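Everything quoted here is computed from the prediction, not taken from an experiment.
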Amino acid sequence: VQLQASGGGLVQAGGSLRLSCAASGRTFSSYAMGWFRQAPGKEREFVAAINWSDGSTYYADSVKGRFTISRDNAKNTVYLRMNSLKPEDTAVYYCAARGNRAATRLREYDYWGQGTLVTVSS
């Protein structure tokens, strides 16, 4: 399984970005995909997750109502739409995959992509 994250960049507070995670290497119909982030000096934390089969979603409280995770089955790609961005959203964002239902803990994910940096200026 290979995961390729992209879409990070510099944005002003209140702005929006969309991250993409292109997945390859197998059929993902029974998989879950997650987004995590790691701010400087902090531990990596859960952001959002989606079950590929039925599209059910899960969010961290800190992003609920601002971020939206979605998938495109035809493109084997998962997206993270981030609106109303805040300086505290600044972090390296990672996508991850696991061969089971969605989870919120890092150790439950088997595959990780490289990170993409999101910087939100105040």
Side-chain angles (χ1 to χ4, degrees):
V1 173
Q2 292 82 42
L3 304 175
Q4 181 72 38
S6 61
L10 174 64
V11 63
Q12 289 188 331
S16 299
L17 278 177
R18 189 182 76 162
L19 306 183
S20 300
C21 177
S24 62
R26 65 168 303 132
T27 302
F28 292 94
S29 57
S30 62
Y31 270 58
M33 304 292 291
W35 284 99
F36 292 78
R37 67 185 181 186
Q38 188 166 16
K42 295 188 176 181
E43 294 185 348
R44 196 171 299 187
E45 65 177 5
F46 171 75
V47 175
I50 187 168
N51 287 307
W52 209 288
S53 57
D54 61 12
S56 52
T57 58
Y58 306 86
Y59 296 95
D61 288 342
S62 59
V63 306
K64 205 171 290 184
R66 300 188 298 123
F67 290 11
T68 303
I69 188 171
S70 62
R71 80 218 190 283
D72 184 328
N73 290 344
K75 295 182 179 180
N76 265 6
T77 299
V78 172
Y79 303 99
L80 185 68
R81 177 69 180 182
M82 306 185 294
N83 295 329
S84 303
L85 282 161
K86 305 175 182 180
E88 50 264 43
D89 294 317
T90 295
V92 177
Y93 284 72
Y94 299 88
C95 61
R98 70 188 299 258
N100 212 316
R101 301 289 290 176
T104 61
R105 292 178 291 187
L106 276 71
R107 63 176 181 269
E108 295 184 284
Y109 284 80
D110 305 305
Y111 306 99
W112 291 83
Q114 91 292 355
T116 185
L117 176 63
V118 172
T119 304
V120 184
S121 63
S122 57

*Report the distance from atom CD of Glu45 to atom CZ of Arg37, rounding to the nearest 0.5 Å.*
4.5 Å
_I want to check something: taking the side chain as every heavy atom from C-beta on, are Asn76 and Trp52 in contact at a cut-off of under 4.5 Å?_
yes
*asked:* Under the rule for salt bridge (charged side-chain N to carboxylate O under 4.0 Å, His left out), what residues qualify as partners of Arg101, not counting sequence neighbours?
replied: Asp54
*Does Thr90 reach the main-chain N or O of Val120 with its side chain, forming a donor-acceptor pair under 3.5 Å?*
yes
*Is a side-chain donor or acceptor of Asn51 paired with a backbone partner of Ala102 at a separation under 3.5 angstrom?*
yes
*Once you round to the nearest 0.5 Å, how far does OG1 of Thr77 lie from CD of Gln4?*
10.5 Å
*Which atoms form the tightest heavy-atom contact between Leu3 and Ala23, and what is the distance?*
CD2-CB, 3.7 Å
*Hey, what do you get for CZ (Phe67) to CG (Leu17), rounding to the nearest 0.5 Å?*
9.0 Å
*asked:* Tell me which pairs pass salt bridge (Lys or Arg N to Asp or Glu O under 4.0 Å) where either residue lies in residues 68-79, with sequence neighbours left out.
replied: none
*So do Leu106 and Gln38 actually touch side chain to side chain, heavy atoms under 4.5 Å?*
no
*Consider only side-chain heavy atoms of I, L, V, M, F, W and Y, link residues closer than 4.5 Å, and tell whether Tyr79 and Tyr59 are in one cluster.*
no
*Which heavy-atom pair separates Leu80 from Tyr93 by the least distance, and what is that distance?*
CD2-CD2, 4.2 Å
*Check whether NZ of the Lys or CZ of the Arg Arg44 lies under 6.0 Å from the centre of the six-membered ring of Phe36 and within 45 degrees of that ring's axis.*
no
*With side chains defined as the heavy atoms from C-beta onward, is the minimum distance between Met82 and Val118 less than 4.5 Å?*
yes
*List the atom of Trp35, the atom of Ser20, and the distance in Å for their closest heavy-atom pair.*
CH2-O, 3.6 Å
*Once you round to the nearest 0.5 Å, how far does CE of Met33 lie from OH of Tyr31?*
10.0 Å
*State, to 0.1 Å, how close Ser121 and Leu10 come at their nearest heavy-atom pair, and which atoms those are.*
CB-CD1, 4.4 Å
*Using the test salt bridge (charged side-chain N to carboxylate O under 4.0 Å, His left out), find all partners of Glu88 that sit at least two apart in sequence or belong to another chain.*
none
*Kindly give the heavy-atom pair with the smallest separation between Ala103 and Phe46, and that separation in Å.*
O-CE1, 3.7 Å
*For the residue pair Ser53 and Ser29, what are the closest heavy atoms and their distance?*
CB-O, 3.2 Å
*asked:* Would you compute the distance between atom OG of Ser122 and atom NZ of Lys86 and round it to the nearest 0.5 angstrom?
replied: 14.0 Å
*Could you name each residue pair satisfying side chain to side chain donor-acceptor pair (under 3.5 Å) that touches residues 107-119, not counting sequence neighbours?*
Arg105-Glu108
*Pairing residues for Lys64 by the salt bridge (charged side-chain N to carboxylate O under 4.0 Å, His left out) criterion, not counting sequence neighbours*: Asp61
*asked:* Same cluster or not: Ile69 versus Phe28, using hydrophobic residues (I, L, V, M, F, W, Y) connected whenever any side-chain heavy atoms lie under 4.5 Å apart?
replied: yes
*asked:* Applying a strict under-4.5 Å side-chain criterion to I, L, V, M, F, W and Y, I'd like to know whether Leu117 and Val11 cluster together.
replied: no
*asked:* I'd like to check the salt bridge (charged side-chain N to carboxylate O under 4.0 Å, His left out) partners of Arg26; sequence neighbours left out, ordered by chain and number.
replied: none
